[in-house]
Amino acid sequence: MNKYLHDFPLLCEKDEKGRRLAYLDNAATTQKPQSVLDAVMEYYQKSNANPHRGIYDLSMKATNVMESSRERIRSFIGAEKTDEIIFTKSATESLNLVAQSYGMSVLHPGDRIVLAVSEHHSNLVPWQIVAKAREAELVYLYTDKLARIIPEEIEEKINERTKIVAVAQASNVTGVINPVERIIERAHQVGAVVVVDGTQSVPHMAVNVSSMNADFFAFSAHKMLGPMGFGVLYGKEELLREMPPFLYGGDMIEYVEEQASTYAPLPEKFEGGTQNVGGAVGLSAAMDYLDKAGMENVRAGEKELTSYLMDQLHSVPHLRILGPDDPQERIGVVSFVMEDAHPHDIATILNADGIAVRSGHHCAQPFLCRLGVTATCRASLYLYNTEEDIDRLAKSLKNVRRWLNVGVR
Amino acid sequence: MELGDIYTEVVTEYSRSQKHRHPLEHPDVKVRGVNPSCGDDISLELKVKDGNIENAAILGSGCAISQASASIMADLIEGKSTAEAKHLAELFLGMIRKTVTDEKELEELEDAVALKNISNMPARVKCAVLSWHTLEEALDKLKDAEESH
Ligand SMILES: Cc1ncc(COP(=O)(O)O)c(C=O)c1O
Ligand SMILES: [Zn+2]
């Protein structure tokens with residue numbers, strides 16, 4: 001019995017056939033433990049008011065809750081200063097903030113933005129927009145047969161003209177862990193700034209943005225046991241301080257006159273409008289949960305389960321895994337394709353067996369194109385998954401081609 | 001919803017049928033249809049003479065449901081007038097939306113009736129209707145071209 005499973009009410013539910021859901025779509029969003037649900041409810045029951053706005057005690061209480069959440073988040077990712085933690089609604093918003101505020105201000109015609117070809121659309125499209133507007137060049141780090149960034153690409157593509165490098169620490173398609181430290185070192189050699197998309201890494205491994213030396217780091221609460229609608233942007237203070245605001249409005253100003261305004265200091269400068277305090281509380285509680293489990297243990301457990309998943313998938317005829325087998329090189333996000341079976345049909349057939357996986361392009365079309373596929377099936381693990389979930393997956397996968405009437409005669 | 005109601009022999013056979021998978025020479029109309037969320041991506045080509053569909057080709061790729069639906073459609077509309085094809089498209093979409101439920105009325109759809117159960121599977125409806133929407137678009141395009149002559 002998995003020791004975390006009983007903390008997740010949704011995963012303990014049984015369907016009409018008496019089965020638990022084998023939830024294997026954790027790269028899309030994760031389930032929430034009772035402690036996170038309780039923390040959010042308790043905030044709304046006992047501390048809810050608009051932070052920063054009232055003199056009354058309850059508003060102070062809400063402000064305190066918000067700021068202690070910020071501190072909790074800082075310590076979880078190892079940032080040096082609390083002011084370096086900006087609240088957003090999602091990783092997508094965090095990345096757009098960097099692209100619009102930082103990218104737009106520093107880029108000049110002919111400058112270079114370097115992205116990994118494996119980036120999620122949310123760390124790709126914002127850079128296309130900025131590149132176009134500033135007449136900058138968009139250059140990609142390409143991947144090898146096992147979907148890993150080719151090491152030589154890093155030295156070759158990140159050159160003197162490069163101002164920004166944007167790369168995910170772990171791929172949401174293949175689960176490959178990218179060599180961000182190396183990329184950061186190279187980028188800093190040429191004076192470029194690195195935006196790390198940590199959406200798939202923070203939930204699954206111990207991350208320290210300071211020792212990594214990331215300039216910006218983005219992630220979403222909902223992929224790490226927290227609520228939807230809350231995200232974080234970490235940025236080095238000296239960079240954030242020089243950047244213009246992203247959203248203008250209440251809470252982010254200092255003085256407003258009819259014709260001009262001055263802006264609040266960090267982090268409020270980037271937090272226009274009432275913030276999602278309940279979301280911040282939920283993420284803090286999620287981080288408490290993960291810390292209690294221990295991120296080293298989470299990673300170790302997932303490595304073991306990933307090995308098991310790889311073995312089981314390899315036992316399915318006509319199935320091909322994209323990316324490396326070695327769990328050292330990847331997280332538990334595994335994309336695969338099956339001969340003569342479209343991912344969409346596979347997902348429907350698994351669904352009938354109470355198994356949730358994702359099919360499609362996973363918001364990474366240029367990457368899928370590079371991998372030579374139009375869609376994949378993706379199974380992704382988290383700490384509450386069990387060998388039984390994986391056994392059910394493998395068993396159901398073995399029936400797929402029969403359902404589709406292929407290879408039977 | 002049972003899988004057997006969807007992946008019937010009719011559907012799986014048609015999904016792999018190669019009959020209409022050859023590009024036409026000089027098609028009168030060619031329209032692409034895409035389901036961005038799942039990657040179904042087809043092209044419909046029609047050869048039309050005197051208001052009759054002489055040949056229909058379906059190219060591209062996608063899931064079994066989208067491919068079966070497209071093959072069945074191509075079979076069905078070949079030899080029919082554009083007006084009849086338009087009517088069949090309306091009928092098919094009506095069947096999937098459950099606005100047309102009369103079995104007698106649906107008989108005109110012949111093998112396409114095999115896709116009726118998709119209406120109980122919201123996640124896959126767009127796969128089933130892709131080729132038919134593409135057909136509607138192609139017919140509109142033909143009409144526009146005619147009118148501008
Ligand atoms: C690597 C990666 N980056 C960014 C995102 C965007 O996250 P969100 O939709 O929460 O903004 C995702 C989510 O799918 C992701 O996997
Ligand atoms: Zn489809």
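Nothing here was measured: the structure is a model prediction, and the numbers come from that model. These values consider heavy atoms only, across backbone and side chains, with no hydrogens, waters or symmetry-generated copies. All chains are named by letter (A, B, ...) in the order of the sequence lines, taking the proteins before the strands, and each is independently numbered beginning at 1.
A 6.0 Å sphere centred on NZ of A:Lys398 holds more than 12 heavy atoms belonging to other residues, nucleotides or ligands. Residue B:Lys30 places its NZ atom among 12 or fewer non-hydrogen atoms of other residues, nucleotides or ligands, all under 6.0 Å distant. Other residues, nucleotides and ligands contribute over 12 non-hydrogen atoms within 6.0 Å of the CZ atom of A:Arg19.
Of the two parts of B:Asp40, only the side chain, counted from C-beta on, holds a non-hydrogen atom closer than 4.5 Å to a non-hydrogen atom of chain A. The part of B:Glu2 that comes within reach of chain A is its side chain, from C-beta onward, which places non-hydrogen atoms under 4.5 angstrom from that chain.
The most heavy-atom pairs under 4.5 Å with chain A, out of B:Thr12, B:Leu3, B:Ile6, come from B:Leu3. Each of B:Ser15, B:Ser61, B:Pro36 has some count of heavy-atom pairs under 4.5 Å with chain A, and the biggest count is that of B:Pro36. Ranked by heavy-atom pairs shorter than 4.5 Å toward chain B, the options A:Asn351, A:Asp340, A:Thr348, A:Thr374 are led by A:Thr348.
Annotation for B:Cys63 and A:His344: closest pair CB-CB, 3.6 Å, computed over non-hydrogen atoms. Shortest non-hydrogen contact noted between A:Trp403 and B:Tyr7 is O-CB, 3.5 Å.
Looking at A:Asn405 and B:Arg16, their side chains come closer than 4.5 Å, going by heavy atoms from C-beta outward.
Classification of A:Asp345 and B:Arg124 as a salt-bridged pair holds, one side-chain N sitting under 4.0 Å from a carboxylate O.
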